[in-house]
Protein chains: 2
Amino acid sequence: MDKQTVTIYDVAREAEVSMATVSRVVNGNTNVKPATRKKVLDVIDKLDYRPNAVARGLASKKTTTVGVIVPDVTNMYFSSLARGIDDIAAMYKYNIILTNSDSDDEKEVQVLNTLLSKQVDGIIFMGNEITDQLREEFKRTKTPIVLAGSVDDQNINPSVNINYAAAVQEEVKNLIDRGNKRVAFVCGPLKYAINGKYRLKGYKQALKDAGIPFDEKLIFETDSKYKTGTLLQPALSSAGATAAVATDDELAAGIMNGMTDAGVLVPKNFEVITSNDTKLTEMVRPKMSSITQPLYDIGAVAMRLLTKLMNDEPVNEKEVLLPYGLMKRESTK
Amino acid sequence: MDKQTVTIYDVAREAEVSMATVSRVVNGNTNVKPATRKKVLDVIDKLDYRPNAVARGLASKKTTTVGVIVPDVTNMYFSSLARGIDDIAAMYKYNIILTNSDSDDEKEVQVLNTLLSKQVDGIIFMGNEITDQLREEFKRTKTPIVLAGSVDDQNINPSVNINYAAAVQEEVKNLIDRGNKRVAFVCGPLKYAINGKYRLKGYKQALKDAGIPFDEKLIFETDSKYKTGTLLQPALSSAGATAAVATDDELAAGIMNGMTDAGVLVPKNFEVITSNDTKLTEMVRPKMSSITQPLYDIGAVAMRLLTKLMNDEPVNEKEVLLPYGLMKRESTK
DNA sequence: TATCAATCTGAAAACGTTTTCAAATCAATG
DNA sequence: CATTGATTTGAAAACGTTTTCAGATTGATA
C-alpha cells in the first residue's frame, strides 16, 4: 500500500547487484548469468518494480510512442485507420498519442511540434491537405513520418493509400456502362489533392473513355458532411444528374436519404455509389454500393512501415498502394 | 538543416545566462528581468530551441500526457467520448495516449500498467466492466483515474455518466403508454453492470409502475453488434414483442433493418427506441428515436474532472450525472 | 552613504534510466 | 599452474530538464 515509487536502484541494492545488471535483466540482455538473473527477477517481483519509461526514454532516446494526427476520430473512415494503427503499434510494443486536428492547418503544425517535443519515435499523419508549411516541418525533422489514407501530391513522405483515381474511374465507368449519361461527382473540397487531383482525374478519364463531354455543372464541391448531402437533391436533379459518385460515405448517405425523402427512388431513378466502404454502407437503406477500401489495413500497413523506418530497416516501397474493389449493393442497378 | 538537437545548455551559453534562467523563461516564471527574458527568447528563436518533454517529464515528474483506455475507437459511442476528451485535454495542454482494449480483461490491466510506466499524469477509463483485478490495480496507483460513460457498481473512482436506469425507465414507460404491453429489452451482456444492474432495473421499474409482469422471454442479451440485431426478428416476433428498447445504436439499427426486411413495418407494427443518440440515428430510415446523451460532453467533463484531480484541486462531486433526454424520431409512434 | 528588502541569477543536485568501458571472474588450454 | 579468451559484472558518465538554495544585484529608505 506504500506509494513511494521503487527505482532500479532499490532493486539493485536488494538483489546485491549493480543498477547495470538490473537494467540488463529488465531489457532481456543475454549477458547475465542465469543465477543472477533469477535473483534479480525475484527482487523485481517482490518489490513490484516497474521501470520508469520516461527515464528510460531520456537515457535511450527511444520512447516507444508514436504520434498519430487525424482530422477527427469521430469520422468512421479515420477511426478505422486509427484502429489498424493502434493494433499494429501494440503488436510492436508501441503506444500512440492520438490528436485531432480538425484539418486545421495551424493546429496540424502546432500538434506536430508538440509531438516532436515529446520525442515520439515516429508519426503517422492523416489529413486532407499538406500545406507548404507542414511540408517544411516534415522535412525539418528526422523523425520518420508516414501518411496513411492521405495523399501529398509532392510525394515526399512514405504513404499508404489506394489508387483513388483508378477507383473513381472504375465507379464512374460502371455507372456510365449502365446508361447514365450524366453522372454527378460529389466530393469534398477540391483543394485537397485526393479530390481535386486524383479522384477528379479518374472521373474525367472515365468520361473521356466513354466519349462524354465534361460538364462543370456536375461537379459538386462540398464539406463532406451528411447534412450537406441531404440538401443536394434539388441541385442534383436540376443539373439533370441520374447518378452520383460520392467521395465520403456519410455524404453519400445524405444524398441518398435526401433523394428518397424527395420521392426520387434509389436506385431506380437515381444511382448512388460511395467511396469508403465503412460499415455505414450496410446500415442505410438501400445499402450503398461502394468502392471497397481496406481501411483497417491501410492503418496497419502504415504502422508496420513506420516500425521499419524507426528501426532503420530497409524499405522496398515507400508508396504503398493497397488493392481496392467495387462492392455492388442496392444503391446501384 | 542541421539535425543536431539543441539543448537548454546551448541556449544558455549563447545567451550568456545559466540553464536555470533559460528554464525560467521557457516556463514563464516571472522572476526574470525583462531584458534577460528578451535576450533568451531571441536566442531560443534563433537556435530554434524546442524543450525536450521527456527530460522535462523526468525532472518535473509531470508528463502532460493522460492515458485513455477505450474498448474500440471504431465504435461511434466511444469515439464521440474520445473526441470530447481530446478537445478538453488539448485545451489544458495535455495529450492523450489512446489504447483499444477490446473489452479484454487481461489487455485492460496490461495496458493500464504500460500507461502507468509511461508516467501519465492521469487516466480516463472507458469499459464495460471493472473486474476485481482491474479494481485492485486502480487502487494500487495514486495516479488519478476517472471513468467516462462507464459504471463501476462499487463506485470507487470518480465517474461521468447519465442516469441509465432512469433513462431506460422513461423509454419503456413511453412505449407502454402508447399501448405496448410486450416491450423487449435488447441489450449487451448482462454481466456488465450498466446493462444488468442499471438499465435492466429501469426496465423492470417501468413494467412494475404499469402493473405489467416481468417476462424473462422479453430479455434479449446480445453482443451489441449490428449484425446480431439484424437476426433478431424471428425471436422478437415469436416472443410477441411489439416494441424494443435497445442499448446500442448499431444494435438498434440492426433490429430495425431486420424487421423491415422481414416485412414488419417500423414503427407501425413494431417500435424501436435506442440509447446512445449517435449520428447513426439520423442516417437510418426510419430515423431512430433515442435517449439523448451528451456523448461529447461526457468525455469533456470527464477530462475536465481529471485535470482538477491532477492538480489536487478540490472536486465537489465525484460522481457526475449529466442530463439525458428523449428524442422522438420516426421509429416510434 | 549605509542598510535593508526585494528582485534576479547561477551552481549544482536531483530525476531514473541506459550505456560504455574497464575490471573481475571463470573455464579451458598448453 | 600460468595464460588466454570469453563471459559477467560494476562504476560512472551520459540523457536534458527542473528546482533548490544561496549569492549577487538592485532600488529605496533613513
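Naming convention: chains lettered A, B, ... in sequence-line order (proteins, then strands); numbering from 1 in each chain. Being a predicted model, the structure only gives us computed values, none of them experimental.
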Closest nucleotide of DNA chain C for A/Tyr9 versus for B/Pro34: which of these residues is on the 5' side? B/Pro34
Can B/Glu14 and B/Lys46 be counted as an ion pair, charged N to O under 4.0 angstrom? yes
If only side-chain N and O atoms of A/Thr36 are considered, is one of them under 4.0 Å from the OP1 or OP2 phosphate oxygen of D/dT8? no
Test applied, salt bridge (Lys or Arg N to Asp or Glu O under 4.0 Å); reference residue, B/Asp152; option that passes from B/Arg135, B/Lys139, B/Lys318: B/Arg135
Short side-chain N/O contact to D/dT18 OP1/OP2 from B/Ser23, under 4.0 Å: yes
Return the value, rounded to whole Å, for the distance between atom NZ of B/Lys38 and atom C1' of C/dC8. 19 Å
Residues B/Asp86 and B/Arg83 bridged, charged N to O under 4.0 Å: no
Under a 3.5 Å cutoff, is there a donor and acceptor pairing between the side chains of A/Lys118 and A/Thr63? no
Just how far, in rounded Å, is P of D/dT19 from CG of B/Leu58? 12 Å
Do any side-chain nitrogens or oxygens of B/Thr21 fall under 4.0 Å of OP1 or OP2 in C/dG10? yes
Can you check the A/Asn29 CG to D/dT8 P distance for me, whole Å? 10 Å
Rounded to the Å, how far apart are A/Glu16 CD and D/dT9 C1'? 14 Å
OP1, OP2 of C/dG10 versus side-chain N and O of B/Ser18: anything below 4.0 Å? yes
So does A/Lys61 get a side-chain nitrogen or oxygen closer than 4.0 Å to the phosphate oxygens (OP1/OP2) of D/dA14? no
In whole angstroms, the gap separating C1' of D/dG16 from NZ of A/Lys118 amounts to 16 Å
Quick check on DNA chain C: between A/Lys33 and B/Val17, whose nearest nucleotide comes earlier from the 5' end? B/Val17
Using a heavy-atom cut-off of 4.0 Å across all strands, would you classify B/Thr7 as base, sugar-phosphate, or nothing? sugar-phosphate
Out of D/dT17, D/dC15, D/dT19, which nucleotide sits closest to the side chain of B/Met19? D/dT17
Consider the side chain of A/Ala20, meaning its heavy atoms from C-beta on, and name the nucleotide among C/dT17, C/dT20, D/dT18 that approaches it most closely. C/dT20
Can you tell me if B/Glu319 and B/Asn155 form a side-chain donor-acceptor pair at under 3.5 Å? yes
What does B/Asn31 touch in the nucleic acid at a heavy-atom separation under 4.0 angstrom: a base, only the sugar-phosphate, or nothing? base
Counting only side-chain N and O atoms of B/Asn52, is one of them less than 4.0 Å from OP1 or OP2 of D/dC15? no
Kindly say whether, by distance alone, the side chain of A/Arg24 makes a donor-acceptor pair under 3.5 Å with the base of D/dG10? yes
Roughly how many Å is it from CD1 in A/Ile8 to P in C/dT19, rounded to a whole number? 11 Å
Atom-pair distance (NZ on A/Lys62; P on C/dT18), nearest Å: 14 Å
Do the charged groups of A/Lys38 and A/Asp42 touch, with an N to O distance under 4.0 Å? yes
Rounded to the nearest Å, what distance is computed from the CG atom of residue A/Asp121 to the P atom of nucleotide D/dC15? 18 Å
